[in-house]
There are 2 protein chains.
Amino acid sequence: MTTIEPPQPRFAQIAGVLRDRIAREIYKGGEPLPSEPELAKEFGVSRITINRAVGILRTDGLVRVVRGRGTFVRAIPVVTRRANSRFVARDQGLGAFDVEVRDLGMKPGSEVVVDRVPASDRAAELLQVEPGSEVVVRRRRFFANDEPVQVADSYIPGPLAEEAGVTEADTGPGGSYSRLAEVGRAPVFFSETVSCRGASASEAKLLEMEPQQPVLEVLLIASDRDHIPVSVTQHVMAGHQWKLNYEWSDDSERVDA
Amino acid sequence: MTTIEPPQPRFAQIAGVLRDRIAREIYKGGEPLPSEPELAKEFGVSRITINRAVGILRTDGLVRVVRGRGTFVRAIPVVTRRANSRFVARDQGLGAFDVEVRDLGMKPGSEVVVDRVPASDRAAELLQVEPGSEVVVRRRRFFANDEPVQVADSYIPGPLAEEAGVTEADTGPGGSYSRLAEVGRAPVFFSETVSCRGASASEAKLLEMEPQQPVLEVLLIASDRDHIPVSVTQHVMAGHQWKLNYEWSDDSERVDA
DNA sequence: CAGTGGTCTAGACCACCAC
DNA sequence: TGGTGGTCTAGACCACTGC
């Protein structure tokens with residue numbers, strides 16, 4: 001029995017101890033924690049207090065609970081997404097995501113569903129089209145070692161999608177950006193807006209994570225050389241398994257000099 | 001008395017109802033929610049269930065609890081930080097943060113503490129200096145309408161900080177980047193890495209938010225024209241009140257054409 | 001002092017899983 | 001059927017606030 005004294009609440013202290021044990025691999029990735037009654041006995045508290053401590057680890061993305069079986073330590077690979085350079089690989093016919101995941105020695109995978117819907121007010125504004133006009137939506141889900149790590153919904157104006165031939169699930173080598181380039185509408189200007197919030201219930205289900213757990217949301221607007229938007233994508237990814245990288249230089253120094 | 005039926009857990013349903021009331025301004029910004037015993041009576045559940053529902057709103061950043069007084073609805077202004085263009089204002093002697101906050105009609109503020117410490121292994125690696133060598137740390141805290149919204153710790157190699165004269169709290173017009181420019185070490189290349197996680201206990205205190213609430217962490221590395229790092233800054237901000245924007249263009253299209 | 005929220009317990013019932 | 005975690009209750013004690 002390990003004793004716990006309270007300057008901090010006990011559930012927080014216990015969460016700390018469990019976190020530490022996971023870090024030290026006393027509880028190893030993929031393996032179950034001791035059951036809640038066992039932990040309650042060890043720490044000399046009620047099961048509910050243990051349950052609350054485990055709740056913290058869940059929200060941190062450290063463990064995953066399977067009802068009726070137990071609480072398992074997650075293997076947490078962190079993927080770095082390099083926004084500025086992520087499309088350079090497309091000439092080799094590889095998606096940016098594939099490269100990022102393969103670099104970590106993991107197996108990439110994805111699902112796509114294509115749909116046609118009338119543009120919502122928000123989508124219409126971002127794409128600079130009439131609200132209600134047809135847009136093609138590509139709903140993708142990405143996997144690393146068969147675990148879902150990201151969902152991304154892309155919106156392309158209907159007529160442009162027809163012209164570029166990106167209305168099917170398979171958009172050919174280099175993906176939809178390459179098809180857009182072939183019809184003279186290559187995406188050249190990019191704007192990404194990043195925010196961070198708790199996962200909604202539906203997102204939590206798709207990403208096999210807990211509601212409340214932080215997600216990163218990235219809104220990517222890609223525009224052609226005339227600054228006309230050709231594609232808008234909303235990415236949602238589990239906060240604990242991604243880092244986003246951006247690089248740029250400040251040209252104004254040269255101008256001033 | 002409002003009845004609640006359980007396909008979802010009751011605390012989640014109640015959290016939903018309360019969230020909705022805040023959105024509809026039945027509970028207005030700055031005002032207190034009804035007390036937990038009152039809400040327990042209204043929904044016909046125990047106070048603990050109410051407490052758990054309120055816990056969700058806290059983690060969402062929607063309310064703020066003051067011990068012994070009550071639970072208050074937060075006013076949540078969302079600040080957009082435009083990474084690429086945020087330093088253009090420095091020639092007018094204004095910090096980027098000041099401009100961002102003033103644009104929202106709010107009053108900006110900040111605190112600075114300057115310190116000298118031996119470089120940690122991590123800081124040394126990022127700054128490309130010897131571990132243990134002296135670095136100057138500027139610990140800043142930023143406020144909007146007197147509410148803390150961001151902490152940022154900047155690290156500059158000791159000798160460079162001396163040369164540029166940024167060892168005092170006040171770094172003069174345009175801030176430390178302008179002083180670095182004056183000694184020929186203007187930051188020109190920038191790299192930012194964004195991640196998202198639950199706030200630590202100490203961060204939660206500094207930012208007056210809840211532990212567990214999502215924060216955005218931004219690691220900014222600024223380098224001079226020779227790609228030598230001159231400053232590394234770790235920003236931590238409350239997730240619910242910030243958006244980060246990045247823009248870039250793909251020059252390779254022109255090269256290929 | 002009464003009122004606020006924070007935490008903990010014991011006991012209970014449920015859904016789900018593996019055997 | 002027994003073990004897992006999910007949720008809820010009633011009752012209790014605490015720390016903090018404002019009067």
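The residue B:Arg52 sits close only to the backbone: its heavy atoms come under 4.0 Å of sugar-phosphate atoms, none of a base. Using a 4.0 Å heavy-atom criterion, one finds that B:Arg58 contacts the sugar-phosphate atoms exclusively.
Nearest to the side-chain atoms of B:Arg10 among the listed nucleotides C:dA12, D:dT9, D:dT17 stands D:dT9. Closest approach to the A:Phe11 side chain among D:dG6, C:dA18, C:dT7 is made by C:dT7 (side chain taken as heavy atoms from C-beta onward). Among the nucleotides C:dA18, D:dA15, C:dT9, the one closest to the side chain of A:Ser46 is C:dT9. Comparing atom distances between the A:Val45 side chain and each of D:dT7, C:dT9, D:dT4 picks out C:dT9 as nearest. Nearest nucleotide to the B:Ile48 side chain, out of D:dT7, D:dA10, C:dC16: D:dA10. Of all nucleotides listed (D:dG18, C:dG5, D:dT7), C:dG5 comes nearest to the side chain of B:Val65. When the nucleotides C:dC17, D:dT4, D:dT7 are ranked by their closest atom to the side chain of A:Ser35, D:dT4 comes out on top. With distances taken from any side-chain atom of A:Glu38 to the nucleotides D:dG5, D:dT4, C:dT4, the minimum falls on D:dT4.
Checking the phosphate oxygens (OP1, OP2) of C:dT7, no side-chain nitrogen or oxygen of A:Thr49 falls inside 4.0 Å. Considering only side-chain N and O atoms, B:Asn51 lies nowhere under 4.0 angstrom from the phosphate OP1 or OP2 of C:dG5.
Base pairing annotation: C:dC19 forms no Watson-Crick or G-U wobble pair, as no partner gives both donor-acceptor distances under 3.5 Å.
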